[in-house]
Amino acid sequence: MKKINVFDLPSSLDLTKEVFQPLVENEHILIERIISKAHVTPEGQWYNQSKNEWVMVLKGEAELTFIDGNIIGLKIGEAIEIPAHCQHRVSWTTPNEETLWLAIHYQ
């Protein structure tokens, strides 16, 4: 067993790219911490995941855009469930501080 604190960010963290850190992973579930800072999904690119995803913003803010044009903003403590194959992209994250996400991918 290993104890972690999802709010502890390494001082050497390279945020030139979005950071995906698996916390728990097996054939049934993936729980990951995602760290963004002004990161967005490249224009024209869509996530089309084979598993359902539940995601919560723990710090900062973010905006998700769905292929149907729906835009959902997320603030600290807000979460959304994204069904499998629901195409979406990250269209905005807080530029002046890290956006810290907790994401759970499951069947």
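We're numbering straight along the sequence, starting at 1. Because only heavy atoms are used, hydrogens play no part in the values below, and waters and symmetry mates are left out as well, while side chains stay in.
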Exercise. Got a second to check how far W92's CH2 is from I71's CD1, nearest 0.5 Å?
Worked result: 13.0 Å

Seminar exercise, completed: Residue set satisfying side chain to side chain donor-acceptor pair (under 3.5 Å) with H105, at least two apart, ordered chain then number -> E32, Q49

Exercise. With distance as the sole test, does T94 use its side chain to make a donor-acceptor pair with the main-chain N or O of T99 at under 3.5 Å?
Worked result: no

For this session: Among residues two or more places apart or on two chains, list those pairs meeting side chain to side chain donor-acceptor pair (under 3.5 Å) that have a residue in residues 64-77.
Result: T65-S91

Problem set entry | For A103 against E53, the heavy-atom pair lying closest together | CB-OE2, 3.6 Å

List the atom pairs, with distances to 0.1 Å, where a side-chain N or O of residues 16-23 and a protein N or O form a donor-acceptor pair under 3.5 Å, not counting sequence neighbours.
| from | atom 1 | to | atom 2 | distance (Å) |
| --- | --- | --- | --- | --- |
| T16 | OG1 | D14 | OD1 | 2.8 |
| T16 | OG1 | D14 | OD2 | 3.3 |
| E18 | OE2 | S36 | OG | 2.4 |
| Q21 | OE1 | R33 | NE | 2.6 |
| Q21 | OE1 | R33 | NH2 | 2.5 |

For this session: Would you name the heavy atoms of I35 and L9 that are closest together and state the gap between them?
Result: CD1-CD2, 3.6 Å

For this session: Say whether, by atom type as modelled, one donor and one acceptor occur between the side chain of T41 and the main chain of V90 under 3.5 angstrom.
Result: yes

Exercise. Residues two or more places apart in sequence or in another chain: which of them pass side chain to side chain donor-acceptor pair (under 3.5 Å) with N52?
Worked result: none

Exercise. In chain order, what residues pass the salt bridge (charged side-chain N to carboxylate O under 4.0 Å, His left out) check against E27, with sequence neighbours excluded?
Worked result: none

Problem set entry | Exercise: identify the closest heavy-atom pair between A62 and V57 | CB-CG2, 4.3 Å

Seminar exercise, completed: Sorted by chain and number, sequence neighbours left out, side-chain contact (heavy atoms from CB on, under 4.5 Å) with D8 holds for N5

Problem set entry | Test item: T93 side-chain N/O and A38 main-chain N/O as donor-acceptor pair under 3.5 Å | yes

Exercise. Shortest non-hydrogen contact from F7 to L100?
Worked result: CD2-CD2, 3.6 Å

